[in-house]
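Beneath this line is the structure, given in structure tokens, with notes to follow.
Everything numeric in this text was worked out from a predicted model, so none of it was measured. In each ligand, atom 1 is the first atom listed, and ligand 1 is the first ligand listed.
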Amino acid sequence: MLTSMKIILDHAHQNQYAVMAMNSINMEMVRGAIIGAQEAYSPMIIQFGCGQMKNHAHLEEMIPMIKELAERVSVPIALNLDHATDYNIIADCINKGFTNIMFDGSALPYNENLKRTAVVVSMAHSVSCSVEGELGHVGMAADSDDANIDLYTDPEQALEFVAKTGVDALAVAIGTAHGNYPQGRIPKLDFERLALLKKTLNIPLVLHGGSGAGEDNLRKAVACGINKVNVATDAFSVGKTAMLDALKKEPDMDYMHMCMEAEKKIKEFVKYYMNILGSAGRYKFLNAAATGNE
Ligand code: 13P
């Protein structure tokens with residue numbers, strides 16, 4: 001069922017696990033993610049950003065499809081607008097039923113980020129839509145931003161930011177970055193800072209740039225307080241590789257079967273992540289209740 005991201009993340013925060021948030025730009029990704037969530041008895045967050053929306057994942061087509069698929073399953077599914085900056089797009093998405101807005105003011109000076117995030121919180125909360133903010137800056141792996149300590153989140157500043165904006169969750173910069181790391185390099189995360197952020201803020205924390213972060217890092221990040229992990233690059237690569245491998249094996253394969261292969265592999269990928277993050281099995285009781293076997 002379509003659910004507020006705040007409800008999903010508060011449960012993850014209270015029970016020390018994390019939920020996968022996958023950038024999903026078509027039916028194969030959305031269906032793979034939602035059916036994967038149901039099969040794993042896990043919550044799931046479907047998200048896409050403004051550029052993805054403009055280029056391919058058009059709002060008017062994606063929203064009815066996501067709502068339809070989410071309402072067919074018993075596990076909670078959130079719909080998040082990823083990295084939004086434009087008030088008009090944000091208002092449109094809130095009105096059309098997104099259950100969370102991630103406002104990204106992390107490239108702005110601190111006071112401007114705070115002011116604009118607070119505006120988005122007041123817009124969204126008026127209709128029970130939750131908000132994720134970002135403080136510090138999760139940059140690009142290709143620019144080695146992950147290793148730039150100047151971009152990391154400062155716990156004391158974050159405490160003020162959360163109190164003054166009223167965000168429901170905070171994306172923190174602790175050593176990951178977006179996109180592929182050069183030559184398969186695994187980033188080094190600042191777990192001490194993460195644990196201090198968790199202790200200081202006591203709210204759901206978000207890790208952007210999940211792709212290529214490595215299983216060990218992800219498990220440790222969850223143990224230190226991460227409750228949502230964003231994944232885009234690796235998910236796209238799973239879909240692409242599935243199609244290329246299928247074609248290699250069967251050069252005459254038609255387009256429909258290539259799409260089916262992509263969906264199957266994306267579903268497996270999502271379930272693999274749910275096991276790493278500890279969200280698998282968290283909603284088994286819903287299914288038991290539905291069948292009267294609780
Ligand atoms: P990756 O593409 O590195 O997985 O980052 C995704 C992300 O953080 C989306 O907000």
Side-chain angles (χ1 to χ4, degrees), residues 5 8-9 18-26 29-30 32-33 44-57 62 78-86 89-90 93 98-107 117 120 130-148 151-153 167 169-189 194 204-215 217-218 221-222 226-241 266 269-270 272-274 276-277:
M5 195 171 96
I8 292 177
L9 291 192
V19 182
M20 183 186 196
M22 186 170 79
N23 289 65
S24 309
I25 49 81
N26 61 14
M29 295 190 86
V30 171
M44 177 71 199
I45 299 161
I46 303 288
Q47 62 184 15
F48 44 97
C50 300
Q52 291 165 338
M53 200 189 290
K54 188 165 164 234
N55 288 329
H56 185 73
M62 292 293 283
L79 174 54
N80 174 41
L81 174 63
D82 195 26
H83 289 290
T85 52
D86 182 310
I89 296 177
I90 290 169
C93 288
F98 274 67
T99 68
N100 189 79
I101 303 295
M102 188 261 162
F103 178 74
D104 184 1
S106 67
T117 305
V120 173
S130 52
V131 176
E132 170 190 332
E134 178 168 330
L135 187 66
H137 181 64
V138 181
M140 298 306 295
D143 300 334
S144 296
D145 284 339
D146 50 296
N148 183 352
L151 301 177
Y152 288 11
T153 311
V167 288
L170 188 70
V172 291
I174 54 153
T176 56
H178 297 98
N180 286 318
Y181 295 95
Q183 296 149 350
R185 180 166 60 83
I186 309 255
K188 193 171 160 4
L189 307 197
L194 174 58
L205 299 181
V206 181
L207 187 73
H208 281 242
S211 298
E215 249 188 71
N217 272 337
L218 290 176
V222 174
I226 288 294
N227 305 111
K228 170 178 180 259
V229 176
N230 284 16
V231 184
T233 306
D234 280 355
F236 290 161
S237 153
V238 166
K240 178 180 168 182
T241 306
I266 282 165
F269 175 67
V270 162
Y272 157 79
Y273 246 91
M274 287 166 172
I276 294 177
L277 303 184

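Among protein residues, Asn23, Asp82, His83, Ala177, His178, Gly179, His208, Gly209, Gly210, Ser211, Asn230, Val231, Ala232, Thr233 come within 4.0 Å of ligand 1, judged on heavy atoms.
Under the side chain to side chain donor-acceptor pair (under 3.5 Å) criterion, Asn230 pairs with His208, Lys228, sequence neighbours left out. In this structure, His137 has no ring-ring contact (aromatic ring centres under 6.0 Å, His included) partners at least two apart in sequence or on a different chain. Every salt bridge (Lys or Arg N to Asp or Glu O under 4.0 Å) that Asp146 has, sequence neighbours left out, goes to Arg185.
Without hydrogens or angle criteria, Asn100 side chain to Val131 main chain gives a donor-acceptor distance under 3.5 Å. Proximity of a side-chain donor or acceptor of Thr241 to a complementary backbone N or O of Ser237 within less than 3.5 Å is detected.
In this structure the side chain of Val138 never reaches within 4.5 angstrom of the side chain of Ser106, judged on heavy atoms.
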